[in-house]
Trainee: 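Dropping a structure here in structure tokens format, bear with me for questions.
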Amino acid sequence: MAVQKKREVTFCNANFCSMRLCQEDVEVGVATETAKIGAGKLVLQPCGFSLPHYSDSAKIGYVIQGVCTVGMVTPNSSEETILVIEKGDAIPVPLGVISWWFNNGDSETEIIFLGDSSKAHIPGQFTYFFVAGILSTLGAFSTEFVSKAFNFTKEESQTLTKSQTGILVVKLDQGIEIPLPTKHFQEKYFAKINGESNTLTELNFGLLGKLGLSANYVKLGSEEMLGPVYTTDSSVQMVYVAKGTGRVQITGASGKIELNSEVKKGELFIVPKFFVFAQIAGENGMECVSVRTRLQKAELAAYVARVLTRWTLNQ
């Protein structure tokens, strides 16, 4: 296996400023220290494989482009669920789930992750714990401990912990066999959100109830507007621009504009709890995917009604 070349990594922190996520081969956590929410992007070239790992934060992944085969093992379970996701799919990644990600397509795969990092190892960013490769937590144990834990010989323990020399993302050989997708699921593991306005909560996607998160997708036509919108459930919202350009304004208790910024594809902005925001699409429209923390059932109808209140500037 050859390790995929990793592009230059930059880290961003922001409060009311918009920020652009770096294009790289592994996820990078970016968040506000006050809101304790995080964002990251996974970019896989064809045959790119993200080594098995788990995270300290619950999050939702949204496929911006490409296809991806995903393997997941939940805590205290020995059964692996295999999924195939594609552009427009949203996939919850619960806290502590071990997962791997493989680009089995012929073009680049890009997935954005948004989530709650308030209970993370370092609040405000995602931390990943790998179970394979050079950074493997398992590989750090002595051969004696690994042999006793798994009833392996010393040689088998060495193979288990030292044979994988990759770091975060590796490139698998062309034509390698990957496990087939699981045929029958006990619960819904992913959903497509790419219409004009779609919202996922525990009401229509039960797995989100375990995460305490909700996801929303909004498509605005040329110079169309969304909002002004606010929430009353003390949730924080993070909005990622998946396509197009536009302008966003955020106001707070001071009665002044806290953010007035142009935004474009690959950038995101954060709406603090109880603050009001509105956005206007550019000439070629704009598509956004967002994640909110603690969306309560009672607030859903009112929130959706406000989201759907859009109009064209020239009307």
Side-chain angles (χ1 to χ4, degrees), residues 4 6-44 50-64 70 72 75 90-101 110-137 140 167-169 208 210-215 234-242 250 258-259 261 263 266-273 275 288-295:
Q4 278 194 316
K6 186 177 178 182
R7 304 173 189 147
E8 182 179 358
V9 177
T10 57
F11 291 86
C12 308
N13 287 299
N15 195 354
F16 284 107
C17 64
S18 60
M19 50 192 169
R20 185 172 184 81
L21 295 178
C22 51
Q23 297 280 345
E24 53 164 345
D25 294 323
V26 296
E27 294 176 45
V28 173
V30 290
T32 64
E33 294 182 358
T34 53
K36 301 295 188 298
I37 51 180
K41 181 183 288 184
L42 175 65
V43 178
L44 293 172
S50 176
L51 294 172
H53 61 274
Y54 62 92
S55 172
D56 59 357
S57 303
K59 53 189 178 291
I60 297 174
Y62 178 78
V63 185
I64 303 295
V70 184
M72 288 187 169
I91 177 171
V93 185
L95 180 68
V97 165
I98 294 178
S99 66
W100 53 261
W101 308 70
E110 181 180 330
I111 305 173
I112 179 73
F113 293 89
L114 307 174
D116 180 4
S117 61
S118 61
K119 299 179 181 179
H121 175 63
I122 303 175
Q125 70 181 56
F126 298 155
T127 299
Y128 295 92
F129 299 83
F130 284 81
V131 295
I134 293 177
L135 298 180
S136 169
T137 54
I167 301 177
L168 306 176
V169 175
L208 291 181
K210 301 177 183 178
L211 275 67
L213 299 171
S214 66
S234 73
S235 63
V236 177
Q237 183 170 4
M238 184 158 41
V239 183
Y240 176 79
V241 182
I250 300 176
E258 303 288 355
L259 173 68
S261 177
V263 293
E267 294 184 339
L268 62 82
F269 59 91
I270 297 167
V271 186
K273 54 187 178 182
F275 280 50
C288 298
V289 59
S290 64
V291 164
R292 293 180 60 202
T293 61
R294 297 187 301 277
L295 179 62

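Nothing fancy with the numbering, it's 1 onward along the sequence. A quick note: this is a predicted structure, and the numbers were derived from the prediction, not measured. Because only heavy atoms are used, hydrogens play no part in the values below, and waters and symmetry mates are left out as well, while side chains stay in.
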Trainee: Can you tell me how far apart CG (Asp116) and CD1 (Ile60) are? Round to the nearest 0.5 Å.
Mentor: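 Rounded to the nearest 0.5 Å, the CG-CD1 separation comes out at 10.5 Å.
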Trainee: Considering non-hydrogen atoms only, spot the tightest contact between Ser214 and Leu208 and give its length.
Mentor: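 Between these two residues, the closest heavy atoms are CA-CD1, 4.3 Å.
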Trainee: Give a yes or no on whether the backbone of Val236 and the side-chain of Thr293 come within a donor-acceptor separation of less than 3.5 Å.
Mentor: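 Checked: pair present.
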Trainee: With side chains defined as the heavy atoms from C-beta onward, is the minimum distance between His53 and Ser99 less than 4.5 Å?
Mentor: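 In contact.
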Trainee: Is the distance from the ring center of Trp101 to that of Tyr128 below 6.0 Å?
Mentor: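 That pair fails the under 6.0 Å test.
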Trainee: Please tell me if the side chains of Tyr62 and Leu114 come closer than 4.5 Å, counting only heavy atoms from C-beta onward.
Mentor: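 Heavy-atom side-chain distance check fails, nothing below 4.5 Å.
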Trainee: First locate atom CD1 of Ile64, then atom CD1 of Ile112, and finally report the distance between them rounded to the nearest 0.5 Å.
Mentor: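 The CD1 atom of Ile112 is 6.5 Å from CD1 of Ile64, to the nearest 0.5 Å.
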Trainee: For residues Ser50 and Leu44, report the shortest heavy-atom separation together with the two atoms involved.
Mentor: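 It is N-CD2, 4.3 Å.
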Trainee: Closest heavy-atom contact between Ser57 and Leu95?
Mentor: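 Answer, listing the atom of Ser57 first, then Leu95: N-CD1, 3.4 Å.
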Trainee: Donor-acceptor pair, Thr137 side chain versus Phe130 backbone, under 3.5 Å?
Mentor: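 Yes, the answer is positive, given that a donor and an acceptor are paired below the 3.5 Å cut-off.
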Trainee: Shortest non-hydrogen contact from Ile37 to Ile270?
Mentor: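 Closest pair (atom of Ile37, atom of Ile270, distance): CD1-CG2, 3.7 Å.
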Trainee: Take the angle between the ring planes of Phe129 and Tyr54 and call it parallel below 30°, perpendicular above 60°, tilted in between.
Mentor: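 The arrangement is parallel - the two ring planes meet at less than 30°.
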Trainee: Could you check if a side-chain atom of Pro75 sits within less than 4.5 angstrom of a side-chain atom of Val97, using non-hydrogen atoms only?
Mentor: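 Yes, side chains in contact.
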Trainee: Could you tell me the separation between the CE atom of Met238 and the SG atom of Cys288, rounded to the nearest 0.5 Å?
Mentor: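 SG of Cys288 is found 13.5 Å from CE of Met238.
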Trainee: Walk me through it: do Ile91 and Met72 pass the test side-chain contact (heavy atoms from CB on, under 4.5 Å)?
Mentor: CA-CA 11 Å; Ile91 177 171; Met72 288 187 169; 3.6 Å; yes
Trainee: Could you point out which residue of Leu135, Ile134, Leu51 forms a side-chain contact (heavy atoms from CB on, under 4.5 Å) with Leu168?
Mentor: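 Of Leu135, Ile134, Leu51, side-chain contact (heavy atoms from CB on, under 4.5 Å) with Leu168 is met by Leu135 alone.
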Trainee: Is there a side-chain contact between Pro94 and Lys210 in this structure, where contact means two heavy atoms from C-beta onward sitting under 4.5 Å apart?
Mentor: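 Of all side-chain heavy-atom pairs linking Lys210 with Pro94, none is under 4.5 Å.
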Trainee: Taking the side chain as C-beta and beyond, is there a heavy-atom pair between Gln125 and Ser117 under 4.5 Å?
Mentor: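 Sidechains of Ser117 and Gln125: no contact.
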Trainee: For a quick test of reading the model, state the closest non-hydrogen atom pair linking Ser290 to Gln237 and the distance between them.
Mentor: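 Closest heavy-atom pair between Ser290 and Gln237: OG-NE2, 3.1 Å.
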Trainee: Quick check: closest heavy atoms across Ala58 and Leu213, and the distance to 0.1 Å?
Mentor: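 The pair with the smallest heavy-atom distance is O-CD1, 3.7 Å.
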